Amino acid sequence: MPEGHLLHHIARRHREVLVGRTVRATSPQGRFSAGAAAIDGRVLDEVEAYGKRLFHRFGDDVVHVHLGRLGSFVWLDAPAGPPRPQARLRLEADTGAADLFAPIVCELGPASLRDGVVARLGPDPLRGDADVDAVRRAFATDGRAVGAVLLDQSVLSGVGNVLRSEALFLVGIDPATPTSSLDGRSFEQLWGTIVAMMSKAADLGRIVTTSDELVPEPEARYVYKQQRCRRCGAEVERPVVGGREMYRCPREQPATRRPGARKT
DNA sequence: TCTTTATGGTGAG
DNA sequence: TCACCCTAAAGAT
């Protein structure tokens, strides 16, 4: 399931196995038939991940994919069998096939489509060109809860519900803390944690924050989807922050002194 | 064989 | 703030 790390993971894979090759494109499910026809038989020039978006470029045309909450890309080594009929898009080369399921967005457009999409996104922590200063400035002036701001893709792009819960846990910050009240050191710690967490997740293709090993799913996180904090055993809270339920250890992420009621 | 849930985002009210 | 969009897999029955 997709947060930004997974899009980078997929992009790397597609670079290895598809870029520079002639690609046969079809839409077994049918909803991307016209787009698939337009790129069928062409060479895939590059694959780029930005936040939670993917761009496959064929000459002057770009396929923009956003997996949403349900989407996935599945890779099948050659010889790939026939695609499942639900596949929105199959990209196939002599190396194998990438099948796309349940994306919230799968669209074809000119190269400028990519720039338009990216213009609405904040810096992606996994990209070398990420403008940390821009994020720092946004945090300094934003009065919302840090838990909410981390989900705002126009402030920074790629962090989702698991990463925000686990990153805030690791730096010991209450999600309800306004970003404007974080000091410089806290920001640096948070940013560094996010970068490290996402880098590892992009390598593994999975978010594992508790260990360096491929532990089973329930053990992979400290607080996300946990009943009790995996570090201290305190009962995990599930506050709604930024419109979505998240996870917090009340003992290790103590509330900062805030006079008024919290609002996200 | 059901029902539920899922790491996202948008547009309407 | 809510309804809704996409599909599969896990859990309940």
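Convention: sequence-line order gives letters A, B, ...; per-chain numbering from 1. Note that the structure is predicted; figures quoted are calculated from it, not measured.
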Atom pairs under 3.5 Å: protein N/O with N/O of nucleotides 9-13 of chain B:
{"residue": "B:dG9", "atom": "OP2", "partner": "A:Lys52", "partner atom": "NZ", "Å": "3.0"}

Main-chain N/O of A:Tyr222 paired with A:Gln226 side-chain donor or acceptor, under 3.5 Å: no
A:Asp99 atom CG is separated from C:dA8 atom C1', nearest whole Å, by 15 Å
A:Met197 atom CE is separated from B:dT7 atom C1', nearest whole Å, by 13 Å
Between CG of A:Leu67 and P of B:dT7 the distance, given in whole Å, is 14 Å
Between CZ of A:Phe101 and C1' of C:dC5 the distance, given in whole Å, is 18 Å
Between CE of A:Met246 and P of B:dA6 the distance, given in whole Å, is 15 Å
When rounded to whole Å, the CD to C1' distance for the pair A:Glu107 and C:dC6 reads 15 Å
ask   = Do the side-chain N or O atoms of A:Arg84 get closer than 4.0 angstrom to the phosphate oxygens (OP1, OP2) of C:dA8?
value = yes
### Message
Say we look at B:dG13 and C:dC5: how far apart would their P atoms be, to the nearest angstrom?
### Response
14 Å
Next on the checklist: Could you walk me through whether A:His56 and A:Asp45 satisfy the side chain to side chain donor-acceptor pair (under 3.5 Å) test, starting with their C-alpha distance in whole Å, then the side-chain angles of each, then the deciding distance to 0.1 Å, before giving a yes or no?
Outcome noted: CA-CA 8 Å; A:His56 287 66; A:Asp45 292 311; over 6 Å; no
Margin query: Strictly below 4.0 Å: does A:Gln29 bring a side-chain N or O up to OP1 or OP2 of C:dT7?
Written below: yes
- Between A:Arg231 and A:Glu252, is there a salt bridge with N-O shorter than 4.0 Å? yes
ask   = What integer number of Å spans the P atoms of B:dT4 and C:dA3?
value = 16 Å
- Does NZ or CZ of A:Arg84 fall inside the cone over A:Phe101's six-membered ring, less than 6.0 Å from its centre and within 45° of the axis? yes
Query raised in the report: Mind checking the P distance from B:dT5 to C:dT13? Whole angstroms is fine.
Result: 12 Å
(Q) Mind checking if A:Arg206 touches a base, just sugar-phosphate, or nothing, with heavy atoms under 4.0 Å? (A) nothing
A:Leu54 atom CG is separated from B:dG8 atom P, nearest whole Å, by 15 Å
- prompt: If the C1' atom of B:dT10 is compared with that of C:dA8, how far apart are they to the nearest Å?
  reply: 23 Å
Does B:dT7 have OP1 or OP2 under 4.0 Å away from a side-chain N or O of A:Lys225?
yes
May I ask you to decide if the ring planes of A:His14 and A:Phe73 are parallel, tilted or perpendicular, using 30° and 60° as cut-offs?
perpendicular
A:Phe73 atom CZ is separated from C:dC6 atom P, nearest whole Å, by 18 Å
**Asked** Hey, is CG on A:Asp60 packed in by over 12 heavy atoms from elsewhere, all under 6.0 Å?
**Response** no
- Between the side chain of A:Arg251 and the main-chain N/O of A:Cys229, is any donor-acceptor distance below 3.5 Å? no
